[in-house]
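Step one of this worksheet: look at the structure below.
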Amino acid sequence: MQPRGKIVVASQHYPPDASTTASIMAEIAGRLAEDHEVVVLSGSPGALPASQAGPGKPRVVMVKNRMAGKAALVRRGVSELLFAGRTFLALIRELKRGDVVLTVTAPFMLPYAVAVAARLKGARSALIMHDLFPDVLVMAGLLKPGSLVTRTMRALNSLMFRALNVVITIGRDAERPLLSYSGMRRNKIRFIPNWATLVPGPRPLSQDNPFRKGLAERFIVGLSGNLGFTHDPEIVFEAARLLKDDTDIHFLLSGWGIGFERLKQLQAEANLPNVSFVTRVADSELEAFLASANLWIIPYRKDVAGVSVPSRFYNLLAVGRPVVLVSEPEAEAALTVVENGLGWVVSPGRADRLTDAIRAASRSDDGAMAERAVKAASRFDRTVAMDAYAGLIEELLRNPDLAEQR
């Protein structure tokens, strides 16, 4: 017998938005809608793709939203606060006792609104933690560890974690910083990693690849995706500068965010011959682009462990490519690289060591590394993740005691 209660998914990012978060939330909402009534509170305007609409699909309710660019911090903060407030009002209208509301840490004020609304309406609440705030902002140097804003956010987090029923982490390294909050208990934490969206399988390197054409160099180092506050674009550019006289190595860069704007600024000033930019790659071209490079870089700043996990990581493995991860060794992606022999882990801020890792990769002929990457990617499976989300939501719907275990 299907349990009573519906599921409300609150997310600023949802199709037709093409971001990774939008894709993840749509996958989860779609899977949950196979068994339950699902309502999505979306902050992404526009018509839904045909695959997201119709019978058996989530009902999408638009919440007015105006997203400012990441560089416009004040305007962005105001926009996100307004969105969180409007979502709170929508939740008060939609939620009933026994419902479950699922949200994500984007924008960072949204989970506060969800936790309060769920508590007021007698619903159960779950948060998917992609980024931990204010830790992300402290790591990026935007907040001081002991500032009033930081202390206030941490105090609010303690209250929020006490009110939430479940916090879903996508990295094992998130447990330690979460448990530093007084409102958090270990039995509230569930680990459900993200998944590869590409089918795992080795893709051969080919000069016929459209993204390799025109590049004479044998070894291509790739960088792809969003570069936000948690990433360090300068270490990548410094490595390219140190390798500019190596005619066998070329850097192929494609993405968006404040980090890529910084990379373009640095290249405009230096005009390195071994650096090329590609406009943001469409989803239909992603597989070819990821298959074009011999090696991929994921460049994090210092203190990323437990704060952020790179979703792009799993697709890099899916195409059978080794990676160089710039992060602390205890970070989730670093643990996966080391445990499975998938590439190199480099200390943040050490461009010289990143350069050494790239040189080592260019001289390596370890075909088994590609096989290990594909094998690792196959464990991060969409079906496994969707079943884990479905099982968790079922538990929240069926067990009323979870609403009181705070």
Do any side-chain atoms of residues 261-271 form donor-acceptor pairs under 3.5 angstrom with protein atoms, and if so which ones, sequence neighbours left out?
unit_1, atom_1, unit_2, atom_2, d
R262, NE, E234, OE2, 2.9
R262, NH1, Q265, OE1, 3.0
R262, NH2, E234, OE2, 3.2
Q267, OE1, L272, N, 3.0
Q267, NE2, L272, O, 2.9

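- Annotation: side chain of I298 is in contact with side chain of F313 (closest heavy-atom distance under 4.5 Å).
- For the pair R321 (side chain) and V319 (backbone), a donor-acceptor distance under 3.5 Å is present.
- For R379 and E339, the salt-bridge test fails: no basic side-chain N is under 4.0 Å from an acidic carboxylate O.
- A distance-only check finds no donor-acceptor pair linking the side chain of D232 to the backbone of R301 [under 3.5 Å].
- The shortest heavy-atom contact between A10 and L110 is O-CD2, 3.7 Å.
- With rounding to the nearest 0.5 angstrom, the CD atom of E37 is 9.0 Å from the CD1 atom of I7.
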Kindly indicate, with the supporting measurements, whether the criterion side chain to side chain contact (heavy atoms under 4.5 Å, CB included) is fulfilled by F260 and L223. CA-CA 10 Å; F260 262 94; L223 178 67; 4.1 Å; yes

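- Between F108 and the options F133, F83, F229, a ring-ring contact (aromatic ring centres under 6.0 Å, His included) holds for only F133.
- Counting heavy atoms from C-beta outward, M184 and V167 have side chains that approach closer than 4.5 Å.
- Between E34 and R31 there is a salt bridge, with a side-chain nitrogen of the basic residue lying less than 4.0 Å from a carboxylate oxygen of the acidic one.
- Side-chain contact between V337 and V323: present, with at least one pair of heavy atoms (C-beta onward) separated by less than 4.5 Å.
- Heavy atoms only, all atoms of each residue included: L91 and A117 are closest at CB-CB, 3.7 Å.
- Salt bridge status for E371 with K375: absent, with no side-chain N to carboxylate O gap under 4.0 Å.
- With hydrogens and angles disregarded, a donor-acceptor distance shorter than 3.5 Å links the side chain of S254 to the backbone of T279.
- Within the 4.5 Å cutoff, no side-chain heavy atoms of K57 are placed close to those of Q52.
- Nearest heavy-atom pair across L95 and K6 is CA-NZ, 4.3 Å.
- Between L335 and R172 the shortest side-chain heavy-atom distance falls below 4.5 Å.
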Under 3.5 Å donor-acceptor pairs involving side-chain atoms of residues 194-201, not counting sequence neighbours:
unit_1, atom_1, unit_2, atom_2, d
N194, ND2, S311, OG, 3.1
T197, OG1, N315, OD1, 3.3
T197, OG1, N315, ND2, 2.8

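- Atom CZ of R382 is surrounded by more than 12 heavy atoms from other residues, nucleotides or ligands within 6.0 Å.
- Taken to the nearest 0.5 Å, the NZ atom of K64 stands 11.0 Å off from the OG atom of S79.
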Report the C-alpha separation of L127 and V114 in whole Å, then their side-chain angles, then the decisive distance to 0.1 Å, and conclude whether the side chain to side chain contact (heavy atoms under 4.5 Å, CB included) test is met. CA-CA 9 Å; L127 168 66; V114 166; over 6 Å; no

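- With hydrogens and angles ignored, the 3.5 Å screen pairs no side-chain donor or acceptor of S44 with any backbone N or O of P15.
- In this structure, R154 CZ and D135 CG are separated by 5.5 Å, a value rounded to the nearest 0.5 Å.
- Although no hydrogens or angles enter the test, the distance criterion places no donor-acceptor pair under 3.5 Å between the side chain of K302 and the main chain of G349.
- One N or O on the side chain of N165 and one on the backbone of S125 form a donor-acceptor pair closer than 3.5 Å.
- For R212, the side chain to side chain donor-acceptor pair (under 3.5 Å) partners two or more places apart in sequence, or in a different chain, are Q207, N294.
- For residues 241-260, the set of pairs meeting the salt bridge (Lys or Arg N to Asp or Glu O under 4.0 Å) definition, not counting sequence neighbours, comprises R218-D248, E238-R241.
- Among residues two or more places apart in sequence or in another chain, the salt bridge (charged side-chain N to carboxylate O under 4.0 Å, His left out) test is passed with R372 by D366.
- Side chain of D17 to backbone of H13: no donor-acceptor contact under 3.5 angstrom is found.
- Considering every non-hydrogen atom in both P233 and L227, the closest pair reads CB-CD1, 4.2 Å.
- When all heavy atoms of R359 and L242 are compared, the pair lying nearest together is NH2-O, 3.9 Å.
- Between Y300 and H231, a ring centre-to-centre spacing shorter than 6.0 Å is recorded.
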With side chain to side chain contact (heavy atoms under 4.5 Å, CB included) as the test, would you mind laying out the steps for I297 and I235 before giving the verdict? CA-CA 10 Å; I297 301 176; I235 193 174; over 6 Å; no

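- Listed for the S292 side chain is a donor-acceptor partner under 3.5 Å among the backbone atoms of F289.
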Passes side chain to side chain contact (heavy atoms under 4.5 Å, CB included), V281 versus F211? Steps please. CA-CA 10 Å; V281 175; F211 295 101; 4.3 Å; yes

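- When atom types are taken as modelled, the side chain of R124 and the backbone of L396 share a donor-acceptor pair closer than 3.5 angstrom.
- For the atom pair OH of Y112 and CG of L164, the computed distance is 10.5 Å after rounding to the nearest 0.5 Å.
- Nearest approach of S327 to V304, heavy atoms of both residues: CB-CG1, 3.6 Å.
- In this structure, L243 CG and I249 CD1 are separated by 5.0 Å, a value rounded to the nearest 0.5 Å.
- A 4.5 Å side-chain heavy-atom check between L252 and W296 finds every atom pair outside the cut-off.
- The backbone N or O of A22 lies less than 3.5 Å from a partner atom in the side chain of S19, making a donor-acceptor pair.
- Here the CD-CG distance, from E287 to N209, works out to 10.0 Å after rounding to the nearest 0.5 Å.
- Between V40 and R59, the closest side-chain pair of non-hydrogen atoms is not below 4.5 Å.
- Salt bridge status for R190 with E395: present, with a side-chain N to carboxylate O gap under 4.0 Å.
- With a 4.5 Å cut-off on side-chain heavy atoms, L354 and V324 count as touching.
- Residues in residues 136-147 take part in these side-chain hydrogen bond (donor to acceptor under 3.5 Å, both in side chains) pairs, two or more places apart or across chains: S147-T150.
- For the pairing with L295, the side chain to side chain contact (heavy atoms under 4.5 Å, CB included) check across S364, S362, P322 returns one residue only, P322.
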